[in-house]
Amino acid sequence: MPELPEVETVARGLSSTLEGRTIVKVRQNRADLRVPFPENLPKRLTGRRVTHIGRRAKYILITLDDGNILIVHLGMSGRFMFRHDPSLPLLAHDHLVITADDGVDHVLNDPRRFGLVALVEGAKLDQHKLFAGMGPEPLGNAFDGPTLADRLAGKNTPIKAALLDQRVVAGLGNIYVCEALFHSGISPLRLARTVQGQRAERLVQAIRQVLNAAIAAGGSTLRDFMHHDGELGYFQHSFSVYDREGKPCPGCTCDVAKTGGIARIVQSGRSTFYCPRKQR
DNA sequence: CTACCATCCTGGTTGC
DNA sequence: TGCAACCAGGATGGTA
């Protein structure tokens, strides 16, 4: 479920509670999520101090004082929340519990187990399989119109599919791709290679704007998503098209009874929501 | 290269 | 109310 804004929100929450703390206890309750947990993970984490919490694309990066980085991906249904009361029983799907030196438990819960946990040497992060070939951060300085236009050049695939490809730009998912395409007036069906020049520029601005607005709202809570402290995001109330099939798009004056309002189509197996009149 | 499909897994919602 | 089918924010690997 979590896309970049939700992961950023969780990472910020972790940063305020776990950064600077020493890990005193780790409980791992199963052998794997989408992939196996790292070998001897509890042993390798215990006694380490957390020096920094960051994010790359949809990955949470927890830097340790031995130079390793604990990587956490929340998949579709992952939550990473803290609990002050260690006497509370673990819930179903609580897979990893990291106890800090202030007695607070940081619990990774993931019912569908599409998430993953890895531990890599900090210096080799960019070369790691998960990050090699990954596209630019959409909120970073390196992401601009010409850069995106370059990465889309020659791609004979719908722009919707291209933006979901983490090698083109890293961190977008189904929701924010739909929203950004709407705000830039680009049809999700348009061939990626035709998004050049001003159109690419508009798309970059729309991506940045929608991601920043979503982060400011604490992300979007559709079903599972929660902040590190259990709070919910509220950006879902600001969706223009996502999950709004048949409804009017913002500012639309046309008759929904005639136009059908926002359309839903399926592209590469995923729902796409858009306004066929405003997006070309 | 690209498009499409299935897969991993659980749980909430929908429809009969 | 019960139950089955369907759907979901991601990523990957296979096939045609």
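Convention: sequence-line order gives letters A, B, ...; per-chain numbering from 1.
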Original post:
Does the A:Asn174 side chain pair with the main chain of A:Ser271, one donor and one acceptor, at a distance under 3.5 Å?
Top reply: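 Yes; judged by distance alone, with no hydrogens or angles, the pair exists.
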
**OP:** For the pair A:Glu19 (side chain) and A:Thr51 (backbone), establish whether a donor and an acceptor sit closer than 3.5 Å, ignoring hydrogens and angles.
**Re:**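 Between the backbone of A:Thr51 and the side chain of A:Glu19 there is no qualifying donor-acceptor contact (under 3.5 Å).
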
Subject >> Nearest-0.5 Å distance that lies between atom CD in A:Gln236 and atom CZ in A:Arg244 >> reply: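 Rounded to the nearest 0.5 Å, the CD-CZ separation comes to 12.5 Å.
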
**OP:** Report the distance from atom CG of A:Asp66 to atom CG of A:Leu45, rounding to the nearest 0.5 Å.
**Re:**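 One finds 8.5 Å between CG of A:Asp66 and CG of A:Leu45.
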
Starting from [atom2] on [N], measure out to [atom1] on [X] and report it in whole angstrom.
| X | N | atom1 | atom2 | answer |
| --- | --- | --- | --- | --- |
| A:Glu245 | C:dC6 | CD | C1' | 15 Å |
| A:Asn174 | C:dA8 | CG | C1' | 10 Å |
| A:Asp32 | B:dC8 | CG | P | 13 Å |
| A:Leu152 | B:dC1 | CG | C1' | 15 Å |
| A:Phe273 | C:dC7 | CZ | C1' | 11 Å |
| A:Asp165 | B:dT2 | CG | C1' | 11 Å |
| A:His95 | B:dC8 | NE2 | C1' | 13 Å |

**OP:** Return no unless some side-chain N or O of A:Arg264 is found under 4.0 Å from OP1 or OP2 of C:dA8.
**Re:**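 Answer yes for this pair, as a side-chain N or O of A:Arg264 is under 4.0 Å from OP1 or OP2.
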
Original post:
How far does the P atom of C:dC6 sit from the matching atom of B:dC5, given to the nearest Å?
Top reply: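 Taking atom P in both C:dC6 and B:dC5, they lie 16 Å apart.
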
**OP:** For DNA chain B, write out the stems as range with range, using runs of 3 or more consecutive Watson-Crick or G-U pairs with both distances under 3.5 Å.
**Re:**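 Only these stems qualify: B:2-8 with C:10-16, B:10-16 with C:2-8.
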
Subject >> side chain to side chain contact (heavy atoms under 4.5 Å, CB included) assessment of A:Tyr274 paired with A:Lys160 >> reply: CA-CA 11 Å; A:Tyr274 74 114; A:Lys160 164 81 190 303; over 6 Å; no

With the criterion being N/O to N/O and under 3.5 Å, what pairs connect the protein with nucleotides 3-7 of chain B, and how long is each?
from	atom 1	to	atom 2	distance (Å)
B:dA3	OP1	A:Asn156	O	2.3
B:dA3	OP1	A:Thr157	N	3.2
B:dA3	OP1	A:Thr157	OG1	2.9
B:dA3	OP2	A:Thr157	OG1	2.9

Original post:
Is A:Ile53 reachable from A:Leu74 through a run of hydrophobic residues whose side-chain heavy atoms are each under 4.5 Å from the next?
Top reply: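 A:Leu74 and A:Ile53: one cluster.
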
**OP:** List the protein contact pattern of nucleotides 11-16 of chain C with one symbol per nucleotide (5' to 3'): B for base contact, S for sugar-phosphate-only contact, - for none; contact means a heavy-atom distance under 4.0 Å.
**Re:** S-----

Original post:
Got a sec, which pairs hit salt bridge (Lys or Arg N to Asp or Glu O under 4.0 Å) with one end in residues 268-277 of chain A, sequence neighbours left out?
Top reply: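 Counting only pairs at least two positions apart or across chains, no salt bridge (Lys or Arg N to Asp or Glu O under 4.0 Å) contact touches residues 268-277 of chain A.
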
Subject >> ring centroid sep under 5.5 Å plus plane angle under 30, A:Phe114 with B:dC9 >> reply: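 No; by the centre-distance and plane-angle rule, A:Phe114 does not count as stacking on B:dC9.
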
Original post:
Which of these, A:Asp105, A:Asp94, A:Thr99, sits in a side chain to side chain donor-acceptor pair (under 3.5 Å) with A:Arg83?
Top reply: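 Of all the options given, the one that passes is A:Asp94.
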
**OP:** Keeping to residues at least two apart or across chains, list the side-chain hydrogen bond (donor to acceptor under 3.5 Å, both in side chains) pairs with something in residues 202-214 of chain A.
**Re:**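 As it turns out, the side-chain hydrogen bond (donor to acceptor under 3.5 Å, both in side chains) pairs with a partner in residues 202-214 of chain A, which skip direct neighbours, are A:Glu201-A:Gln205.
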
**OP:** Provide the closest heavy-atom pair for A:Arg48 versus A:Asp65 in the form atom of the first, atom of the second, distance.
**Re:**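 Answer, listing the atom of A:Arg48 first, then A:Asp65: NE-OD1, 2.7 Å.
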
Subject >> Heavy-atom closest pair, residues A:Ala57 and A:Glu137 >> reply: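 Distance-wise, the nearest heavy atoms are N-OE2, 2.5 Å.
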
Original post:
With the threshold set at 4.0 Å, does a side-chain nitrogen-carboxylate oxygen contact exist between A:Lys58 and A:Glu3?
Top reply: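 Salt bridge: no.
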
**OP:** Check every strand shown and say whether A:Phe235 touches a base, only sugar-phosphate, or nothing at a heavy-atom separation below 4.0 Å.
**Re:**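 Nothing: the residue A:Phe235, judged by heavy atoms under 4.0 Å, touches no strand.
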
Original post:
Which part of the nucleic acid, if any, lies within contact of A:Gly154, taking any heavy atom under 4.0 Å across all strands shown: a base, the sugar-phosphate backbone alone, or nothing?
Top reply: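 Counting heavy atoms under 4.0 Å across all strands, the contact made by A:Gly154 is with sugar-phosphate only.
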
Distances under 3.5 Å only, N/O to N/O: pair up the protein atoms with those of nucleotides 10-13 of chain B.
from	atom 1	to	atom 2	distance (Å)
B:dT10	O4'	A:Pro111	O	3.4
B:dT10	O3'	A:His93	NE2	3.1
B:dG11	OP1	A:His93	NE2	2.7

**OP:** Say whether A:Asp150 and A:Thr147, considering side chains only, have a donor N or O and an acceptor N or O under 3.5 Å apart.
**Re:**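 Note: A:Asp150 and A:Thr147 side chains miss the donor-acceptor criterion.
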
Subject >> Heavy atoms from other residues, nucleotides or ligands near CD of A:Glu121 exceed 12 (cutoff 6.0 Å) >> reply: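 Count not over threshold, so no.
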
